[in-house]
**Q** 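Quick one: the structure is below, questions incoming.
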Amino acid sequence: MSALNKKKQNDLSHHKNGEIRLSGRAVSRGVGVGRILSLFGQKRQFYRIKLENSKIEAEIRRFRAAVRLAKRQIKKISEQKSGKSQTGIFETHLLFLEDASLLSKIEDFIKRQKVNAEWAVKIVTDGYIADYKAISDENLRDRYIDLEDIAERLLTALGGGGKANIRLEKDTIIVAKEVKPSTLIELVQSKPKAIITENGGWTSHTFILARELNLPAVTGMKGILRRVQSGENVVVDGFSGQVILHPKVETLRQYKKRATQIRVENPTKEDLRHEEIKTLDGQKIIIRANLDFTKDYAEAKRLGAKGIGLYRSEFLFNQNKGFPTEKEQIEIYRKIAKIVGDDRIRIRTFDLSVEQLAGEMREREKNPALGLRAIRLSLAQEKQFRTQLRALLRASWENKLDIVLPMVSDVSEILRAREILEQEKEKLAKRKIKFGEMRLGAMIEVPSAVFLAEQIACEVDFLNLGTNDLVQYLLAVDRDNEAVSDWFRTLHPSVLRAVKTVLQAGEKCEKPVIICGEMAGSSVYAAILIGLGATELSMNVHSIARVRKTIANIAFEEAREIVKELETCRTAAEVEEKVRSSFLEKWSHLFGIENLPV
C-alpha cells in the first residue's frame with residue numbers, strides 16, 4: 001500500500017469502545033506497549049519534567065545561564081553582519097532577551113509549576129506568540145516570527161547552559177514531530193519502548209538507529225502531537241504500522257504477550273563466524289557490520305560478520321554534545337579497532353551538517369541536504385578535521401583501521417584530505433608519536449561521484465556505496481519527508497544503473513566496493529545487489545542472519561539473470577513488478593508476496 005493511501009487511512013481512523021486506531025508506516029519492526037511522552041523542540045528536543053523543590057533554584061540558574069549564552073550568540077552574529085535590516089533584526093532579538101516581563105514570567109512558571117526550563121520557555125513563549133498572531137496590525141503581527149526564533153535559541157542554549165541529568169520513566173513511548181538521532185542516543189539509555197513520529201522515512205538516520213536498537217517505530221502520523229497527551233496508554237505495532245490510542249484492557253494484554261514473544265525470539269544461536277557465506281553456486285559474499293555502539297560487534301561476529309564496513313563517528317559528536325577531544329577519539333577508536341582485530345574497521349569521518357555544530361553562529365541553511373555538510377564541512381572546519389585525522393592515525397598504531405570520507409563529490413576533496421593526512425603524519429613523526437598505515441576510502445552517495453566513480457576509485461583504496469543518500473540525491477526526494485515518500489523508490493532504474501556503474505568502476509580499478517546502505521540489509525535488495533555484482537555488503541547487526549539465509553538459498557547465476565531483466569525496465573513500477581514475479585517464480589521458498597515491494 002502506498003504512503004498516500006496510508007495517509008487516507010489515518011483520516012479514516014476508527015474509534016471503538018474508547019480505542020482509536022491509526023495507521024502509519026512501520027519503519028522499525030517490533031511491538032511497543034507503554035505510556036506516551038511528547039517531545040518538542042527542533043534543535044534541542046525536550047519534554048515536560050516535574051522537579052523537586054530542591055531543584056528549582058538550580059533550574060532558574062540554568063535558565064539565566066542560557067539567556068546570557070543566547071545574548072552572547074546574538075551579539076556575535078550582529079558584529080559579523082553589516083546590513084541595516086539584519087542589524088535591526090538582531091536588535092529586536094536582544095530586546096526580547098532583555099524584556100524583564102518575559103524573563104520573569106518564565107522564571108515564575110518554573111517556580112509555580114515546578115517544571116524544567118525548556119517546558120517553561122515553550123509554554124510562556126507560546127502564549128506570547130498566540131497574542132502576536134491575534135494582532136490586526138500586520139507589521140506587529142509578524143513579530144511572532146522573531147519570538148519563535150528567540151524561543152528556539154533559548155532552548156538550544158539550555159543544552160549548553162548545563163545538562164539536566166534526567167531519565168525516562170519505565171515503559172515510555174516517545175511521540176514527536178521528528179526525533180533527532182542525537183536525541184535518541186540521549187534517551188536510549190532509559191530504554192524507551194517505541195517511537196511514533198509525524199515525519200521520517202525508512203532510511204532516515206533516526207530509524208536506522210532504531211532498527212539497530214530493536215526499537216519499534218511508526219512514522220507518518222500527521223498531527224499526532226495534537227491528539228495525544230503525555231501519560232496516556234498507547235500500543236505501537238512496528239509490523240503493521242498501526243498505533244492504538246487508549247487501548248482496551250484486552251488489547252493491552254494481547255500486545256504485551258506479543259511483545260514478550262518477540263523479545264525472546266532469536267534467529268539463530270549458532271556460532272557462524274567460521275562458516276563461509278556463499279550462494280548455492282559458490283559465489284562468496286562478505287558481510288560486514290554497520291555500527292554505532294561497540295558492544296554490538298560481538299553479536300555481529302557470531303553471525304559471521306567480517307569487520308565493520310561503516311562506523312559512523314558522528315555519533316561520538318552526538319554523545320559528547322559537540323566535538324569530542326583528540327584523547328576521547330583515540331580511546332574509542334582504539335577500543336573498537338581492538339575488538340574487531342584483523343577484520344578491519346572503516347571509520348567514516350564526521351558526517352555532520354553545519355546546523356548540528358554546538359553553539360553554531362551561522363544562519364539556518366535553507367536546504368541542509370545540499371549545504372555545508374560531510375567532507376565539505378570537514379574541509380571548512382579544518383582544525384577539527386585535523387584533530388580527527390590525528391586521532392585516527394594514533395589509534396591505527398597496531399590496529400587495522402581505515403578512513404572513509406563522506407559525501408565525496410569531486411576528486412579534489414580526496415586530494416585535499418590526503419594532503420592534510422600526510423601533513424599530520426609528518427607532524428606526528430617529528431614528535432616521535434607512532435601511527436599505523438591506514439587505507440583511505442570514499443563514500444559514493446551523490447550523482448557526481450557516480451559519474452566520477454572510476455576517477456575516484458583510482459585515488460582511494462576502496463569505495464563505500466551509501467545507497468540511502470544516493471537514492472535521495474538521484475531522485476531529488478528528501479528521505480525524511482513523508483509528503484514525497486511515494487517518490488522514494490529504491491528500485492528506480494536510475495538507482496540500479498548507478499549501483500552497477502560504481503561496482504564496475506571498482507572492478508576495473510581493482511578496488512573493493514562495500515555496499516553499506518539500507519539496501520544491503522534487505523533480503524530482497526541484497527539478492528538484487530548480488531545480481532548486479534556486489535560481493536561485499538555491510539548492514540546493521542539485526543539484518544545479518546536474515547540476509548545470510550537469503551544468500552545461502554539463492555544462486556548467483558539466477559540473481560544475475562533477474563537483474564538482466566530488470567535492466568530492461570523503464571520505470572520503478574515495472575522494476576518492482578518484475579521483482580515480484582521473478583522472485584516468486586524462482587525463490588518462493590524464501591520470499592512471500594508480503595515480503596516483496598508493493
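Computed from a prediction, not measured in an experiment: that's the story for all the values here.
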**Q** For Arg334, which residues count as a salt bridge (charged side-chain N to carboxylate O under 4.0 Å, His left out) partner, sequence neighbours excluded?
**A**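 In terms of salt bridge (charged side-chain N to carboxylate O under 4.0 Å, His left out), with neighbours along the sequence ignored, Arg334 is linked to no residue.
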
**Q** Report yes if some heavy atom in the side chain of Lys511 is under 4.5 Å from a heavy atom in the side chain of Phe462; otherwise report no.
**A**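 Contact flag for Lys511/Phe462 side chains = no.
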
**Q** Test side chain to side chain donor-acceptor pair (under 3.5 Å) on Glu437 and Ser396; report intermediate values, then the result.
**A** CA-CA 7 Å; Glu437 284 301 317; Ser396 70; over 6 Å; no

**Q** Please check this pair: side chain of Ser522 against backbone of Met519, looking for a donor-acceptor N/O pair closer than 3.5 Å.
**A**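 Not confirmed, Ser522 side chain does not pair with Met519 backbone.
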
**Q** Which is it for Arg302 and Glu299 under the salt bridge (Lys or Arg N to Asp or Glu O under 4.0 Å) test, yes or no, and what are the steps along the way?
**A** CA-CA 5 Å; Arg302 183 184 70 79; Glu299 176 67 3; 2.7 Å; yes

**Q** Rounded to the nearest 0.5 Å, how far does CD1 of Ile345 lie from CG of Leu310?
**A**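 It is 9.5 Å, given to the nearest 0.5 Å.
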
**Q** Any donor and acceptor pair, going by atom type alone, linking the side chain of Glu314 with main-chain N or O of Asp351 inside 3.5 Å?
**A**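 The answer is yes, because a donor-acceptor pair under 3.5 Å joins these two groups.
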
**Q** Just to verify, what does Ser28 make a side-chain contact (heavy atoms from CB on, under 4.5 Å) with, not counting sequence neighbours?
**A**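 Counting only residues at least two positions away or on another chain, Ser28 forms a side-chain contact (heavy atoms from CB on, under 4.5 Å) with Ala210, Arg211, Ala217.
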
**Q** Check the angle between the aromatic planes of Phe583 and Trp587 and answer parallel, tilted or perpendicular using the 30° and 60° thresholds.
**A**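 Answer is perpendicular, since the angle exceeds 60°.
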
**Q** Could you note down all residue pairs passing side chain to side chain donor-acceptor pair (under 3.5 Å) where residues 450-467 supplies at least one of them, sequence neighbours left out?
**A**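 Listed once each, the pairs are Glu454-Lys508.
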
**Q** Does Arg348 count as lying over the ring of Tyr311, i.e. NZ or CZ under 6.0 Å from the six-ring centre, within 45 degrees of the axis?
**A**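 Ring-cation test returns no.
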
**Q** Keeping Glu445 on the side-chain end and Met407 on the backbone end, is there a donor-acceptor pair under 3.5 Å?
**A**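 Between the backbone of Met407 and the side chain of Glu445 there is a qualifying donor-acceptor contact (under 3.5 Å).
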
**Q** Would you please name every residue forming a salt bridge (charged side-chain N to carboxylate O under 4.0 Å, His left out) with Arg376, sequence neighbours left out?
**A**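 With neighbours one apart ignored, the set is empty.
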
**Q** If we only count heavy atoms from C-beta on, is the Ile528 to Ile562 side-chain gap below 4.5 Å?
**A**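 With C-beta onward as the side chain, the pair stays apart.
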
**Q** Examine distances only and state if a side-chain atom of Asn290 and a backbone atom of Cys516 form a donor-acceptor pair shorter than 3.5 Å.
**A**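 Indeed, once roles are kept as given, a pair shorter than 3.5 Å links the two residues.
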
**Q** Determine, for Arg416 against Glu419, whether the closest basic-nitrogen to carboxylate-oxygen distance falls under 4.0 angstrom.
**A**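 Yes, Arg416 and Glu419 are salt-bridged.
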
**Q** A side-chain contact here means heavy atoms from C-beta on lying under 4.5 Å apart; do Glu275 and Arg548 qualify?
**A**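 Yes - at least one pair of side-chain heavy atoms lies under 4.5 Å apart.
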
**Q** Could you pull out all residues at least two apart from Lys327 that satisfy side-chain contact (heavy atoms from CB on, under 4.5 Å)?
**A**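 Per chain and number, Lys327 pairs via side-chain contact (heavy atoms from CB on, under 4.5 Å) with Thr325, Glu331.
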
**Q** For the pair Glu574 (side chain) and Arg570 (backbone), establish whether a donor and an acceptor sit closer than 3.5 Å, ignoring hydrogens and angles.
**A**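 Checked: pair present.
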
**Q** Side chains of Leu405 and Met443: closer than 4.5 Å at any heavy-atom pair?
**A**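 Side-chain contact under 4.5 Å: no.
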
**Q** Between Asn540 (side chain only) and His542 (backbone N and O only), is there a donor and an acceptor less than 3.5 Å apart?
**A**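 Confirmed, Asn540 side chain pairs with His542 backbone.
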
**Q** Can you give me every donor-acceptor pair (side chain of residues 490-499, partner residue at least two apart or in another chain, under 3.5 Å) with its distance?
**A**
| from | atom 1 | to | atom 2 | distance (Å) |
| --- | --- | --- | --- | --- |
| His492 | ND1 | Ser494 | N | 3.1 |
| His492 | ND1 | Ser494 | OG | 2.9 |

**Q** Is it the case that over 12 heavy atoms from other parts of the model lie below 6.0 angstrom from the NZ atom of Lys427?
**A**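 Enclosed: over 12 neighbouring heavy atoms sit under 6.0 Å from NZ of Lys427.
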
**Q** How about Thr387 and Glu326: do any of their side-chain heavy atoms sit closer than 4.5 Å?
**A**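 A side-chain contact under 4.5 Å exists here.
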
**Q** For Arg439, give me all partners under side-chain hydrogen bond (donor to acceptor under 3.5 Å, both in side chains), at least two apart in sequence or on another chain.
**A**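 Checked Arg439 against side-chain hydrogen bond (donor to acceptor under 3.5 Å, both in side chains); matches are Asp402.
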
**Q** Answer yes or no: is there an ion pair linking Arg386 with Glu382, defined by an N-O contact shorter than 4.0 Å?
**A**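 A salt bridge links Arg386 with Glu382.
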
**Q** Between Glu398 and Lys434, does any NZ, NE, NH1 or NH2 come within less than 4.0 Å of an OD or OE carboxylate oxygen?
**A**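 So Lys434 does not pair with Glu398 through a salt bridge.
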
**Q** Would you say Ser582's side chain and Val579's backbone share a donor-acceptor pair under 3.5 angstrom?
**A**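 Looks like no, no N/O pair under 3.5 Å.
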
**Q** Let me see the working for Asp281 and Thr279 under side chain to side chain donor-acceptor pair (under 3.5 Å), right down to the final yes or no.
**A** CA-CA 5 Å; Asp281 48 355; Thr279 61; 2.6 Å; yes

**Q** Could you pull out all residues at least two apart from Phe207 that satisfy ring-ring contact (aromatic ring centres under 6.0 Å, His included)?
**A**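 ring-ring contact (aromatic ring centres under 6.0 Å, His included) list for Phe207, sorted by chain: empty.
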
**Q** Charged N to carboxylate O under 4.0 angstrom, Arg312 versus Glu212?
**A**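 So Arg312 pairs with Glu212 through a salt bridge.
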
**Q** Can you name the residues that form a side-chain hydrogen bond (donor to acceptor under 3.5 Å, both in side chains) with Lys549, not counting sequence neighbours?
**A**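 Result, side-chain hydrogen bond (donor to acceptor under 3.5 Å, both in side chains) vs Lys549: none returned.
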
**Q** Okay, side chain of Ser378, backbone of Phe385: is any donor-acceptor separation there less than 3.5 Å?
**A**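 The answer is no, because no donor-acceptor pair under 3.5 Å joins these two groups.
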
**Q** I'd like to know if Arg390 pairs up with Glu424 as an ion pair, taking the criterion as any Lys NZ or Arg NE/NH1/NH2 lying under 4.0 Å from an Asp or Glu carboxylate oxygen.
**A**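 Glu424 and Arg390: salt-bridged.
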
**Q** Does a side-chain heavy-atom distance below 4.5 Å link Ile195 with Leu184?
**A**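 Ile195 vs Leu184: side chains touch.
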
**Q** Does Ser204 reach the main-chain N or O of Gly201 with its side chain, forming a donor-acceptor pair under 3.5 Å?
**A**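 Flag set: sc Ser204 to bb Gly201 pair under 3.5 Å.
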
**Q** For Phe350 and Phe323, I'd like to know if the aromatic rings sit close, meaning centre-to-centre distance below 6.0 Å.
**A**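 Yes, they do, as the ring centres are separated by less than 6.0 Å.
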
**Q** One pair to check against salt bridge (Lys or Arg N to Asp or Glu O under 4.0 Å): Asp343 and Lys306. What are the steps and the verdict?
**A** CA-CA 5 Å; Asp343 290 327; Lys306 301 295 183 186; 5.3 Å; no

**Q** Any non-hydrogen side-chain atom of Leu529 less than 4.5 Å from a side-chain atom of Leu537?
**A**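 Yes - at least one pair of side-chain heavy atoms lies under 4.5 Å apart.
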
**Q** Report yes if the side chains of Ile332 and Glu328 come closer than 4.5 Å at any heavy-atom pair, otherwise no.
**A**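 Not in contact.
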
**Q** What residues, two or more places apart in sequence or in another chain, satisfy side-chain hydrogen bond (donor to acceptor under 3.5 Å, both in side chains) together with Gln283?
**A**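 Result, side-chain hydrogen bond (donor to acceptor under 3.5 Å, both in side chains) vs Gln283: none returned.
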
**Q** Got a sec, which residues hit salt bridge (charged side-chain N to carboxylate O under 4.0 Å, His left out) with Arg560, two or more places apart in sequence or on another chain?
**A**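 Residues passing salt bridge (charged side-chain N to carboxylate O under 4.0 Å, His left out) with Arg560: Glu557.
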
**Q** Please name all residues satisfying salt bridge (charged side-chain N to carboxylate O under 4.0 Å, His left out) with Lys338, sequence neighbours left out, ordered by chain then number.
**A**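 Lys338 satisfies salt bridge (charged side-chain N to carboxylate O under 4.0 Å, His left out) with no residue once adjacent residues are dropped.
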
